2 protein chains.
Amino acid sequence: MAEHNPLTAHTLKISCSNCSLRELCLPIGLNREEMSQLDAVIRQSRRLKRGEYLFRAGEAFKSMFAIRTGFFKTCISSHDGREQVTGFQMSGELLGLDGVSSSLHGCDAIALEDAEVCELPFSRMTSLGRDIPTLQHHFFRLMSREIVRDQSVMLLLGNMKAEERLAAFLLNLSQRFSARGFAANDFILRMSREEIGSFLGLKLETVSRTLSKFQAQGWIIVEHKHIQLIQPENLKTLVGGCQQSMPIATT
Amino acid sequence: MAEHNPLTAHTLKISCSNCSLRELCLPIGLNREEMSQLDAVIRQSRRLKRGEYLFRAGEAFKSMFAIRTGFFKTCISSHDGREQVTGFQMSGELLGLDGVSSSLHGCDAIALEDAEVCELPFSRMTSLGRDIPTLQHHFFRLMSREIVRDQSVMLLLGNMKAEERLAAFLLNLSQRFSARGFAANDFILRMSREEIGSFLGLKLETVSRTLSKFQAQGWIIVEHKHIQLIQPENLKTLVGGCQQSMPIATT
DNA sequence: CGCTTGGTTGACTAATCTCAATATGGGTGG
DNA sequence: CCACCCATATTGAGATTAGTCAACCAAGCG
């Protein structure tokens, strides 16, 4: 599956030693001096317990957050209480990019399990970006990647049927877990059926039914939140046709 | 309707004299010297005829484009030919922000009427951004605003019914026309029913039927592409509950 | 160990899609 | 300038999908 999968969140490649993700620095080619400047800007990590808010829609935006460990959801809510989950984020991904536009956070970010994040103060990052062009460019790319991701979700929500959405969702998680060195075909869902449904534009019953259907077909095994992909190729066939056809650079 | 309406595209506030949108420069407070630097970077405008592609998904990304006149759609297509319109852009708005992430354009941009755009070479804009912090910051805001817009569309596609989507769509157009000094309640649609449907995640027949229903209720008058909002307040009530509840800064 | 929350399943309903027939208008070429 | 044609839009009827409501079950937690 391509890296810019419909559901992939922006991958963080700027983290540094403070975040114990030092290796991810190399791709953007910072030298030792620049690395230490970056280290100086990144604040010590913050711990959250399951269910805790990292930030809420409407709060002042000062920082982005890089996830070291844990699993998050972001969501926006409408006046009458409907909630739309806009994404699920895991370690190595970045939260809060939407806050830049208005200096207010545009969504809630909630930990779905105990988590640890690094805070990246935005103004210090941008001024550092002026000294380190590769860093600045990298930031633009991260934001742009989020736009691309969102548009793929629009494709999903606008064009795909329930089964296709679920299949795309499972394959996306699979791909992201495997990119982090976890098993691609055997993982634990961190979110409820309702949250999956909200993200995919489906009701929780439909999510549940569709998972059962996949299981009945022998494609997956569902044990509560424990999912095993037995025939991921069938899921891929299902999604195949409705994926984005754009040539993708794997940068 | 709030400025960060579900469907509002990023508004361009960086244009300058080359684009004959000089007044829009002031909000970000560039001085005379900075303005002329910006002018030097912006390329002469390019004209497109209706139906022409400004860029295509997969093409090398070198520039963003500011729309001077005309009306565009952006869309992504899936392997099996389904097309998702991801947005409609009008004068003063910016196209191409999604190309930064992979150095390839992520969508097609097609003129829905004869149009004129300014080209903003990306690398020159970013290096200028390093000299002019306000400009750099403004770019981050524009990209972030696009993320916020996309997420509102996700809310729309994930949670709203056909009537709510159409109402939100009409009100959004109304608000954007009026922001440009055109009539808020009397305008011409530049796009087909099918394109509206693709954007809203509906079939063209549903779009047509829903418009007819609004007309039967006396809320609007539909004459082909000519739309008049007679009772916009009823449309607002319809959308009211499902709008984003986030406190919005009007910056 | 019972309670609460989350998940599954079934029967029914409502919304939207699909297919099809029919209009309508704009554009083009004679 | 007009007539024709094609693309676009409207409307209807029936099929299909997903949503709703409700019952039941299982798990985790105090």
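In this text, all values refer to a predicted model and were calculated from it rather than measured experimentally. Below, read A as the first sequence line, B as the second, and so on, with proteins coming before strands; counting in each chain starts at 1.
OP1 and OP2 of dT11(D) both lie 4.0 Å or more from every side-chain N or O belonging to S208(B).
Interface remark: the R209(A) side chain does form a donor-acceptor pair with the dT20(D) base, using a distance-only criterion of under 3.5 Å.
Using cut-offs of 30° and 60° on the angle between ring planes, the pair F88(A) and F71(A) is tilted. Taking the six-membered ring for Trp and thresholds of 30 and 60 degrees, F214(A) and W219(A) have nearly parallel ring planes, at less than 30 degrees apart.
Comparing S212(A) and M160(B) by the nucleotide of DNA chain C whose heavy atom lies nearest to each, the residue mapping closer to the 5' end is S212(A). Map K161(A) and E205(A) each onto its nearest nucleotide of DNA chain C; the residue landing nearer the 5' end is E205(A). Residue order along DNA chain D, read from the 5' end via each residue's closest nucleotide, puts G201(A) first among H224(A) and G201(A).
Rounded to an integer number of Å, the gap from CD of E223(A) to P of dA27(D) is 10 Å. Atom CD1 of I188(A) is separated from atom P of dG28(D) by 11 Å (rounded to the nearest Å). Taking atom NE2 of residue H226(B) and atom C1' of nucleotide dA9(D), one finds them 17 Å apart after rounding to whole Å. The distance between atom CG of L202(B) and atom C1' of dA9(D), rounded to the nearest whole Å, is 16 Å. The distance between atom CD of E164(A) and atom P of dT17(D), rounded to the nearest whole Å, is 11 Å. Whole-Å rounding puts the L211(B) CG to dT8(D) P distance at 17 Å. Atom pair L204(B):CG and dT10(D):P shows a separation of 9 Å (rounding to whole Å applied). The NZ-P distance, from K225(B) to dA9(D), rounds to 5 Å in whole Å.
Comment: R46(A) does not engage E116(A) in a salt bridge, judged by the lack of any side-chain N to carboxylate O separation of less than 4.0 angstrom. Contact check on K49(B) versus E113(B) returns no salt bridge, with no Lys/Arg side-chain nitrogen under 4.0 Å from an Asp/Glu carboxylate oxygen. Ion pairing between a basic and an acidic side chain is recognised when a charged N comes within 4.0 Å of a carboxylate O; R82(A) and E164(B) show such pairing. Using a 4.0 Å cut-off between a side-chain N of Lys or Arg and a carboxylate O of Asp or Glu, R149(B) and E93(B) do not qualify as a salt bridge.
If you check every strand for non-hydrogen atoms under 4.0 Å, G197(A) touches nothing. Among the heavy atoms of the strands, none lies under 4.0 Å from K213(A).
Taking the side chain as every heavy atom from C-beta outward, C75(B) and I110(B) approach each other to under 4.5 Å.
Heavy-atom contacts of chain B under 4.0 Å fall on DNA chain C between two terminal nucleotides, which in 5' to 3' order are dT16(C) to dG25(C).
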